[in-house]
Amino acid sequence: MLLIDLARTSAAVAADSARLAKIRHLAELLGRVEPGEAEIAIAYLSGELPQRQIGVGWTSLRDLPDPRLAATATLGQVDDLLSRVKSQAGPGSQTARKALVTELFAALTTPEQTFLSRLLRGELRQGALEGVMIEAIAKAAGAPAAEVRRALTLRGWLPAVGAAALSGGVDALRAFRLEVGRPVAPMLAQSATSVAAALDKLGGPAAVEWKLDGVRIQAHRSGDTVSVFSRTLDEITAQVPEVVEAVRACPATDLVLDGEVIALRADGRPAPFQITSGRVASRTDVDKARRTTPLSVFFFDALRVDGADLLDLPGEERHAALTRTVPAGLIAPRLVTGDAASGEAFFAEVIRGGHEGVVVKSLQTPYAAGRRGAGWIKVKPRHTLDLVVLAAEWGSGRREGWLSNLHLGARDPDGGGFVMLGKTFKGLTDELLTWQTERFLALAEGPTDSWTVAVRPELVVEIAFDGVQRSSRYPGGMALRFARVIRYRPDKTADQADTVETVRSLMV
DNA sequence: TTCCGACAGTGGGGTCGCAAT
DNA sequence: ATTGCGACCCCACTATCGGAA
């Protein structure tokens with residue numbers, strides 16, 4: 001199959017807003033792809049690469065060569081070249097990558113260049129990624145989408161699942177099994193504003209469990225062999241020896257566990273997320289990193305214990321298996337309750353302990369990738385501040401033509417000015433985007449660069465955030481984590497905004 | 001007919017490792 | 001030695017479609 005076929009399909013998908021029409025376009029293409037190229041086609045049209053990452057980003061894709069007029073590139077050829085790009089390493093590799101990318105793009109027509117460039121930048125913008133591709137695979141293979149989803153949970157990689165479905169139908173999908181040593185797609189959580197709301201959503205007793213502000217891990221053990229994977233299914237075994245040892249110490253020798261690693265201080269309270277994140281990312285001298293910043297692991301789910309696959313069992317049965325297998329000190333603390341008051345009290349206690357929040361978990365739901373079923377619901381406390389808009393950046397994609405990303409500042413009573421604490425683009429409706437674009441242009445003090453418009457510091461906006469972290473980027477030495485807009489405060493003037501000192505008092 | 005679950009899109013701060021400067 | 005870049009850790013929110021109620 002030619003790359004131009006995918007480029008055309010992608011354009012057709014983008015042109016139709018109806019999801020069913022997108023699915024039709026994708027399924028039609030899947031119906032005529034050869035088995036040997038199915039994985040490539042599925043990967044590209046769901047916005048990913050078979051190579052996962054190839055070391056080429058936005059910057060490397062500037063100034064591409066002139067396009068050709070004839071479309072001749074096959075999927076196999078493109079895939080081979082991208083593999084060569086990925087394999088470059090050592091001194092001169094960036095130049096070599098760039099040369100290969102240039103060679104590749106020089107062989108493509110304009111629509112092919114557009115498609116591939118978007119794909120490599122991770123901005124396909126066709127309104128269809130994995131979720132829609134699942135439906136398209138189901139349609140093309142004549143199989144229920146639920147079977148595709150189940151296989152995806154077990155296999156963790158949609159192109160492999162899709163290729164199997166296209167060639168072998170439902171039987172091939174049902175043949176996927178949990179394999180120890182191969183990561184499973186992790187189950188994710190929805191969110192709610194309170195434990196009571198979460199319990200209400202689940203409609204009955206549920207487990208209220210510590211949510212640790214660390215890094216998600218999945219541990220596999222077969223005999224003495226232990227592998228640990230990240231949320232994106234990258235192998236991180238070498239970076240987390242504490243997890244390997246903890247799993248080896250369990251009595252069961254055939255295991256798949258889901259959990260979180262976190263750096264705890266000597267007093268048992270959690271270290272800031274930056275510390276845990278840095279520790280897990282360290283690969284060069286793990287022994288030294290380990291001495292400085294030891295990791296603790298807390299498991300909260302068991303997907304396999306001693307030959308038994310547990311994914312389809314209710315949450316409570318999986319948890320029972322976990323408690324039978326793993327020492328109590330390695331299990332995330334939880335309270336099973338249907339009572340909102342007890343749940344809220346437990347939540348308050350977890351927060352007093354310095355932790356991030358809780359996850360309220362259904363006792364019934366099986367383990368499934370993605371957010372389907374809403375079996376897990378996270379609850380975190382929310383802080384708010386009234387801050388001043390210092391500048392705004394022009395948006396991209398569907399926000400093109402709108403001033404979107406806000407620069408936020410706290411009042412500095414000493415200096416008389418404002419100290420920038422970060423940016424946010426979240427929480428804005430289209431209506432608000434329209435309003436603020438007009439308003440900012442009226443308050444403009446001229447662009448600071450081609451995409452930023454500085455405004456007179458007069459508008460006060462209420463901002464929600466999860467916490468204040470240390471920052472080397474901003475002048476106050478601190479930045480807001482997960483900042484989002486709640487509402488503008490036309491009733492307030494800039495001299496009534498919150499101060500830097502207030503923000504500093506919130507820093508852990 | 002209305003409601004709501006799932007999805008895609010739009011970006012946020014921070015850290016590490018590596019190549020280039 | 002420093003800087004720029006890619007990759008990955010954490011992520012919240014709105015708009016939209018279409019099946020469920």
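First the proteins, then the strands, lettered A, B, ... as listed; each starts at 1.
- For A/E438, there are no side-chain contact (heavy atoms from CB on, under 4.5 Å) partners at least two apart in sequence or on another chain.
- What separates CG of A/D234 from C1' of C/dC10 is a distance of 15 Å, to the nearest Å.
- Considering only the side chain of A/R481, C/dC10 comes nearest among C/dC11, B/dG14, C/dC10.
- Rounding to whole angstrom units, CD1 of residue A/I377 and C1' of C/dA12 are separated by 17 Å.
- In this structure, the side-chain contact (heavy atoms from CB on, under 4.5 Å) partners of A/V286, at least two apart in sequence or on a different chain, are A/P241, A/R279.
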(request) Indicate for each nucleotide in nucleotides 14-21 of chain C, in 5' to 3' sequence, whether protein heavy atoms under 4.0 Å reach the base (B), only the sugar-phosphate (S), or nothing (-). (result) SSBBSS--
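- Under the 3.5 Å distance criterion, the side-chain polar atoms of A/Y44 are left unmatched by any main-chain donor or acceptor of A/L119.
- The separation between A/L188 atom CG and C/dC11 atom C1' is 12 Å, rounded to whole Å.
- Listed in residue order, the members of residues 43-54 of chain A having a heavy atom less than 4.0 Å from DNA chain C are A/Q53, A/I54.
- A heavy-atom distance below 4.0 Å to DNA chain B is reached by none of the residues of residues 133-142 of chain A.
- Rounded to a whole Å, the CZ atom of A/F273 is 18 Å from the P atom of B/dG12.
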Which pairs, protein N/O on one side and nucleotides 16-19 of chain B N/O on the other, fall under 3.5 Å?
unit_1: B/dC16; atom_1: O3'; unit_2: A/A281; atom_2: O; d: 3.4
unit_1: B/dG17; atom_1: OP1; unit_2: A/R283; atom_2: N; d: 2.7
unit_1: B/dG17; atom_1: OP1; unit_2: A/T284; atom_2: N; d: 3.0
unit_1: B/dG17; atom_1: OP1; unit_2: A/T284; atom_2: OG1; d: 3.1
unit_1: B/dG17; atom_1: O4'; unit_2: A/R283; atom_2: NH2; d: 3.3
unit_1: B/dA19; atom_1: OP1; unit_2: A/G90; atom_2: N; d: 2.6
unit_1: B/dA19; atom_1: O4'; unit_2: A/Q94; atom_2: NE2; d: 3.3

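- When distances are taken from the side chain of A/T232 to each of C/dC9, B/dG14, B/dG12, the shortest belongs to C/dC9.
- Dashed line: the shortest gap from a side-chain N or O of A/T276 to OP1 or OP2 of C/dC10 is not under 4.0 Å.
- As a whole-Å value, the separation of A/I236 CD1 from C/dC10 C1' is 13 Å.
- Within 4.0 Å of A/K86, counting heavy atoms only, lies no atom of the nucleic acid at all.
- Between A/S404 and B/dT10 there is no side-chain N or O to OP1 or OP2 distance below 4.0 Å.
- Of all nucleotides listed (C/dC9, B/dG14, C/dC5), C/dC5 comes nearest to the side chain of A/R62.
- Across all strands shown, B/dC7 forms no Watson-Crick or G-U wobble pair with both distances under 3.5 Å.
- Rounded to a whole Å, the OH atom of A/Y474 is 7 Å from the C1' atom of B/dG13.
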Between side-chain atoms of residues 468-479 of chain A and protein atoms elsewhere (two or more places apart, or another chain), which donor-acceptor pairs fall under 3.5 Å?
unit_1: A/S471; atom_1: OG; unit_2: A/R473; atom_2: N; d: 3.0
unit_1: A/S471; atom_1: OG; unit_2: A/Y474; atom_2: N; d: 3.2

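- Residue contacts shown for A/Q126 are limited to sugar-phosphate atoms, with no base heavy atom under 4.0 Å away.
- Under the side-chain contact (heavy atoms from CB on, under 4.5 Å) criterion, A/P159 pairs with A/E39, A/I42, A/A43, A/E48, A/W157, not counting sequence neighbours.
- By the 4.0 Å N-to-carboxylate-O rule, A/E135 lies close enough to A/R149 to be salt-bridged with it.
- Remark: A/A165 pairs with A/I137, A/A141, A/L173 by the side-chain contact (heavy atoms from CB on, under 4.5 Å) rule, at least two apart or across chains.
- Among the protein residues, A/K380 comes within range of the sugar-phosphate backbone only, with heavy atoms under 4.0 Å from sugar or phosphate atoms but none that close to a base.
- Nearest to the side chain of A/T59, among C/dG6, B/dG12, B/dA6, sits C/dG6.
- Comparing A/M478 and A/G131 by the nucleotide of DNA chain B whose heavy atom lies nearest to each, the residue mapping closer to the 5' end is A/G131.
- If you check every strand for non-hydrogen atoms under 4.0 Å, A/V280 touches nothing.
- Distance A/I262 CD1 to C/dC10 P: 12 Å, rounded to the nearest Å.
- For A/D63, the salt bridge (charged side-chain N to carboxylate O under 4.0 Å, His left out) criterion is met by A/K98, not counting sequence neighbours.
- Within the nucleic acid shown, A/A128 comes within 4.0 Å of sugar-phosphate atoms alone, with no base atom in reach, counting heavy atoms only.
- The side chain of A/F482 approaches C/dA12 more closely than any other nucleotide in the set C/dC9, B/dG13, C/dA12.
- For A/R484, the salt bridge (charged side-chain N to carboxylate O under 4.0 Å, His left out) criterion is met by A/D466, not counting sequence neighbours.
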Let me check something: any side-chain donor-acceptor pairs from residues 418-428 of chain A under 3.5 Å, sequence neighbours excluded? List them with distances.
unit_1: A/K423; atom_1: NZ; unit_2: A/E393; atom_2: OE2; d: 2.8
unit_1: A/T424; atom_1: OG1; unit_2: A/K426; atom_2: N; d: 3.1
unit_1: A/T424; atom_1: OG1; unit_2: A/A483; atom_2: O; d: 2.6

